[in-house]
Chemist: 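Okay, handing you the structure first.
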2 protein chains.
Amino acid sequence: MKEKINNLTIKMLAGQLGLSVSTVSKAISDSHEISASTKQRVNDLVQKLNYVPNPYASSLRTRNSKTIGVVIPEVADSFFAQAINGIESVAQEKGYHVLIYLSHENFEKEKKILKDFESGRVDGVLISVAKETTQHCHIDALMDKAVPIIFFDRVMDEVTTAKIITNDCESARLATEYLIKKGCNRILFLSFSHTLSITCKRLAGYKKALLDNHLKYADNNILTFSNDAKKDYLLLQKKLKSASKDVGILASVEKLALPIYQACEDLQLSIPEDVQVISFSNSDSAAFLHPPLTTITQPAFEIGKTAASLLVKTLERKNFELPMEEIVIPSDLIIRKSTLP
Amino acid sequence: MKEKINNLTIKMLAGQLGLSVSTVSKAISDSHEISASTKQRVNDLVQKLNYVPNPYASSLRTRNSKTIGVVIPEVADSFFAQAINGIESVAQEKGYHVLIYLSHENFEKEKKILKDFESGRVDGVLISVAKETTQHCHIDALMDKAVPIIFFDRVMDEVTTAKIITNDCESARLATEYLIKKGCNRILFLSFSHTLSITCKRLAGYKKALLDNHLKYADNNILTFSNDAKKDYLLLQKKLKSASKDVGILASVEKLALPIYQACEDLQLSIPEDVQVISFSNSDSAAFLHPPLTTITQPAFEIGKTAASLLVKTLERKNFELPMEEIVIPSDLIIRKSTLP
DNA sequence: TTGAAAGCGCTAACAG
DNA sequence: CTGTTAGCGCTTTCAA
């Protein structure tokens, strides 16, 4: 293996220029203490020798890393992909670095990740919690170390910090009502967690719509998916088989949509004639499914961007107080052909 | 803002235990020089006080960061999402951290990102180059600083280093031949770059299939998309309109597939009767498009995982030589209904 | 406007 | 087996 090259240091620059280390340091950070001509000389040499400062030495000294930690359950979901885009857009603009971690919906992994953040590796954290996460000790521990942490999408109500979310309850209510108006008298709600903030709120919206429209709520219309794709699929099939006419489905997350299409195909049920479907989804291909899927589409990029902006603001300004409440960016109900005209 | 808490240091631990700093340091890293009983005492206190070492101090001293840099053009593409998953899986296992950067297909951004890597921020780099990237000065500069860099998917032939790719040429050849066998006598090749390794190789495979099957190659069957979605779409429509019967399309990247469906819908062309379609795609929803899309599906997770494993191996073992050639992991041609039976 | 010196928290010779 | 010491490369008083 190639030997690691002896990297350029400020000390070497100082040597070449006949200046002191501190002067060079100040010149590089464009301090007002330094004369224009010295800055010029320093910067010329920096350019010429292609000097790149060691960020870790700087971090050690200044106690900040210009790095934010992003913790998400998975990447292979359009929502999170777009949210990362939003986060990255502000990171790139503001000169921050993005460390990414996947919890894979697992609480222990999430804990381990946050534990590491107590080291000072990151200046702040953006998190969308795992499905399994019901406690917040790991988050509290981090906050105790004064590491700002902002939730996005999947939040914990019990923790007092900024939360960037969409109008989960209201958009689920709207979608459910839409299904009712289109003639569904039985509506299945597909979920994949009892505890996640987003599924609770979306379920609440679903319930509210039923109530508003004088339909009775029944537990057996709620399907909670496990992680066992096969088992989940069979459950869905069973429900669909036993359902009468005029059934609707509201899928509370993107990945639940495709199994519905699969099940309908296998059972020879046609969408939307036999079953109408609406799903939370940010996937581009929703419009090209057969039939095109009516979706609740979340402002994923915006959510990521807003969360990151807020975090960076908190980090930059000594006096900026992290707003402790929720910021809600509404979703869109996009009507396509999986619901009746 | 909350004041930053005075973090625990090895020095404080040493003080409490009546040991020297170096003993504690060695105990924590489980050095053989330290007695079991001392290790026990140290670890108990570490546990009790919840000590987390400062990674940047350690990095500064050891000159490595346990961090890898990942540079990709975008995240909102199933291939890259899955590749990140693969990368993260080995990072998590091996205790590495993943810094992620998006080039947005832009050469200047990519250059800036790699330039920063010269600082020692990362121990190694995994990159899939931007569409605009045709030079490799930025990569050479990094390699000169002995930072291992491995290409995945989109490589540069001119650079001598490890490259993890799929069998681009062969799978495109296979797909093209499949279209020919199914009766296409004119096949459009949709590309979005003249220069990218993957598009060149896929085009070569396409050409080879034509040659093997005594079809003549025509430049006007090659559609190169710009970034102007509207213009691209009109171009595609125009081509499709002017095409006779028995036309096939091979889309060389995932994001080109949906516009084809859109265009066929708008022009009232039916797939696969009027036009047969095959696309490179890793999207789950391919199977649920209307009609289900025949795809060349790349081993995205595997590619990411292999690239990351190789990088980590290079980093861990002083004597491990980065293999300088290509590792090819084949793609699958998954036949669905966008091609004739 | 510049420089000397101390030190961020950790590791690694080296000595004991 | 444990301790002393000298930095890693940078920033930051403080003094000149």
Chemist: C:dG9 P sits how many Å from B:Leu13 CG, rounded?
Modeler: 12 Å
Chemist: Between A:Phe301 and A:Phe79, is the ring centre distance below 6.0 Å?
Modeler: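 Here the rings of A:Phe79 and A:Phe301 have centres that are no less than 6.0 Å from each other.
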Chemist: Does anything in residues 91-103 of chain A form a salt bridge (charged side-chain N to carboxylate O under 4.0 Å, His left out)? List the pairs, not counting sequence neighbours.
Modeler: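 Listed once each, the pairs would be none.
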Chemist: Rounded to whole Å, how long is the line connecting atom NZ of A:Lys11 with atom P of C:dA5?
Modeler: 13 Å
Chemist: Taking atom C1' of D:dC10 as reference, at what distance in whole Å does atom CG of A:Asn7 sit?
Modeler: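 Taking CG of A:Asn7 and C1' of D:dC10, I get 14 Å after rounding.
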Chemist: Go through residues 36-59 of chain A and report each residue with a non-hydrogen atom lying under 4.0 Å from DNA chain D, sorted by number.
Modeler: A:Tyr51, A:Pro53, A:Asn54, A:Ala57, A:Ser58
Chemist: Below 4.0 angstrom from OP1 or OP2 of C:dG9, is there any side-chain N or O of B:Thr9?
Modeler: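 False: B:Thr9 side-chain N/O out of range (4.0 Å or more) of C:dG9 OP1/OP2.
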Chemist: What's the CG-C1' distance between A:Leu19 and C:dA4, to the nearest Å?
Modeler: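 Rounding to the nearest Å, CG of A:Leu19 and C1' of C:dA4 are 14 Å apart.
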Chemist: Could you give the CD1-to-P distance, from A:Ile28 to D:dC10, as a whole number of Å?
Modeler: 8 Å
Chemist: Return the polar atom pairs (N/O with N/O) between nucleotides 12-16 of chain D and the protein under 3.5 Å, or none.
Modeler:
none

Chemist: Does a salt bridge link B:Glu110 with B:Lys115, judged by any charged N lying under 4.0 Å from a carboxylate O?
Modeler: no
Chemist: I want to check something: taking the side chain as every heavy atom from C-beta on, are A:Tyr96 and A:Val312 in contact at a cut-off of under 4.5 Å?
Modeler: yes
Chemist: Taking only Lys NZ, Arg NE, NH1 and NH2, and the carboxylate oxygens of Asp or Glu, determine whether A:Lys66 and A:Asp123 approach each other closer than 4.0 Å.
Modeler: no
Chemist: Scan A:Gly120 against the nucleic acid and name what it touches under 4.0 Å (heavy atoms): base, sugar-phosphate only, or nothing.
Modeler: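 Contact class for A:Gly120: none.
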Chemist: Roughly how far apart are B:Asp116 CG and B:Leu99 CG, rounded to 0.5 Å?
Modeler: 8.5 Å
Chemist: Nearest-Å distance, CD1 (B:Ile34) to P (C:dT11)?
Modeler: 13 Å
Chemist: Could you tell me how far apart B:Arg63 (CZ) and C:dC10 (C1') are, to the nearest whole angstrom?
Modeler: 13 Å
Chemist: So does B:Ile84 get a backbone contact from the side chain of B:Lys305, meaning a donor-acceptor N/O pair under 3.5 Å?
Modeler: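 Flag not set: sc B:Lys305 to bb B:Ile84 has no pair under 3.5 Å.
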Chemist: If you measure from the Lys or Arg side-chain nitrogens to the Asp or Glu carboxylate oxygens, is any gap between A:Lys39 and A:Glu33 under 4.0 Å?
Modeler: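 Judged by the 4.0 Å cut-off on N to carboxylate O distance, A:Lys39 and A:Glu33 do not form a salt bridge.
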Chemist: Is the side chain of B:Ser65 donor-acceptor paired with the backbone N or O of B:Ser59 at a distance under 3.5 Å, no angle test?
Modeler: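 Here the side-chain-to-backbone pair does not exist.
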Chemist: Rounded to whole angstroms, how far apart are CD1 on A:Ile10 and P on C:dA4?
Modeler: 15 Å
